[in-house]
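Accompanying notes for the structure given below.
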Amino acid sequence: QVQLVESGGGLVQAGDSLRLSCAASGRTSSSYTMGWFRQAPGQEREFVASITRTGSSSNYAASVKGRFTISRDNAKNTVYLQMNSLKPEDTAVYYCAANSDGYVGFQPRRYIYWGQGTQVTVSS
């Protein structure tokens, strides 16, 4: 089992950058593929990015590709989401999630461990 804690959210202006962190404790995070999801008020949780156990491959939602970068440092049991050129439509609660069977896709139900989320608000 693994516990996930997100940090790094905040209030920024359009065009700014933020880096989110997801610290994992318990079983080593290198055993899991990791994903970032987000959920805006009144909307379903949506996939943002995912990364393999070793960090050798990653996937992105079309809406963030080219602006966001997911990475991981397994020595620190931490996954990051670097968000550049932020837009008001990026405003949401961002969640970190872990999957133990190698899945790196976009379906939230395939991820078994979740953090409590961190709020990102982008003003225009």
Side-chain angles (χ1 to χ4, degrees):
Q1 192 168 359
V2 63
Q3 294 77 43
L4 305 174
V5 178
E6 303 94 336
S7 62
L11 172 63
V12 297
Q13 293 186 336
D16 285 350
S17 298
L18 275 177
R19 188 176 80 158
L20 305 184
S21 299
C22 173
S25 60
R27 188 176 175 186
T28 178
S29 66
S30 61
S31 299
Y32 299 91
T33 60
M34 302 295 292
W36 284 98
F37 291 77
R38 65 187 182 186
Q39 188 167 19
Q43 298 187 20
E44 294 186 353
R45 193 166 297 190
E46 67 170 356
F47 171 78
V48 175
S50 61
I51 191 166
T52 56
R53 293 184 179 102
T54 62
S56 60
S57 180
S58 55
N59 296 316
Y60 296 93
S63 59
V64 306
K65 199 166 187 178
R67 298 188 298 123
F68 291 11
T69 302
I70 188 171
S71 61
R72 67 190 299 163
D73 184 339
N74 286 338
K76 296 182 178 179
N77 283 334
T78 303
V79 177
Y80 304 98
L81 185 68
Q82 178 67 43
M83 307 186 295
N84 298 330
S85 302
L86 283 161
K87 304 176 181 180
E89 51 263 44
D90 295 318
T91 295
V93 177
Y94 282 71
Y95 298 90
C96 174
N99 169 278
S100 61
D101 67 5
Y103 179 74
V104 288
F106 60 89
Q107 295 182 18
R109 62 181 176 84
R110 295 290 303 273
Y111 292 79
I112 56 174
Y113 300 110
W114 291 83
Q116 294 194 337
T118 185
Q119 176 71 47
V120 172
T121 303
V122 184
S123 64
S124 58

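Since this is a predicted model, take the numbers as computed values, not measurements.
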Any Q119 side-chain heavy atom under 4.5 Å of T91 side chain: yes
L18 and F68, any side-chain heavy atoms less than 4.5 Å apart: no
Aromatic ring pairing W114/F37, orientation class (parallel under 30°, perpendicular over 60°, tilted between): tilted
Common cluster, F47/M83, ILVMFWY with side-chain heavy-atom separation under 4.5 Å: no
Gap between atom NZ of K87 and atom OG of S63 - 0.5 Å precision: 8.0 Å
Contact summary for S100 and I112, nearest pair of heavy atoms: OG-CD1, 3.6 Å
Main-chain N/O of A23 paired with T78 side-chain donor or acceptor, under 3.5 Å: no
Backbone N/O of T54 and side chain of S56: donor-acceptor pair under 3.5 Å: no
Rounded distance (nearest 0.5 Å) linking atom OG of S25 with atom CG of N77: 8.5 Å
Rounded distance (nearest 0.5 Å) linking atom OG1 of T33 with atom CG of N59: 10.0 Å
Sub-4.5 Å side-chain heavy-atom contact between Y60 and R67: no
Separation between CD of Q13 and OG of S123, rounded to the nearest 0.5 Å: 5.0 Å
Sidechain-backbone polar pair: D90 side chain, A14 backbone, donor-acceptor under 3.5 Å: no
Shortest non-hydrogen separation from C96 to M34 and the atoms involved: SG-CE, 3.5 Å
Side chain proximity check, C22 to W36, heavy atoms < 4.5 angstrom: yes
From R72 atom CZ to T52 atom OG1, the distance as rounded to the nearest 0.5 Å: 7.0 Å
Residue pair P108 / R45: nearest heavy atoms and the distance that separates them: CG-O, 4.1 Å
same_hphob_cluster(L20, Y113) at 4.5 Å side-chain heavy-atom cutoff: yes
Polar side-chain atom of Q82 near backbone of T69 as donor-acceptor pair, under 3.5 Å: no
R110 side chain to V104 backbone, donor-acceptor under 3.5 Å: no
Inter-residue atom distance T118.OG1 - L81.CG, 0.5 Å rounding: 11.0 Å
V79 and I70, any side-chain heavy atoms less than 4.5 Å apart: yes
Where G117 and V93 come nearest, the two heavy atoms and their spacing: CA-CG1, 3.8 Å
Under 3.5 Å donor-acceptor, Y111 side chain and G105 backbone: yes
Minimum heavy-atom distance between G115 and Y95, given as atom pair plus value: O-CD2, 3.6 Å
Check: Q116 main-chain N/O paired with E6 side-chain donor or acceptor under 3.5 Å: yes
Any side-chain heavy-atom pair of V64 and R38 under 4.5 Å: yes
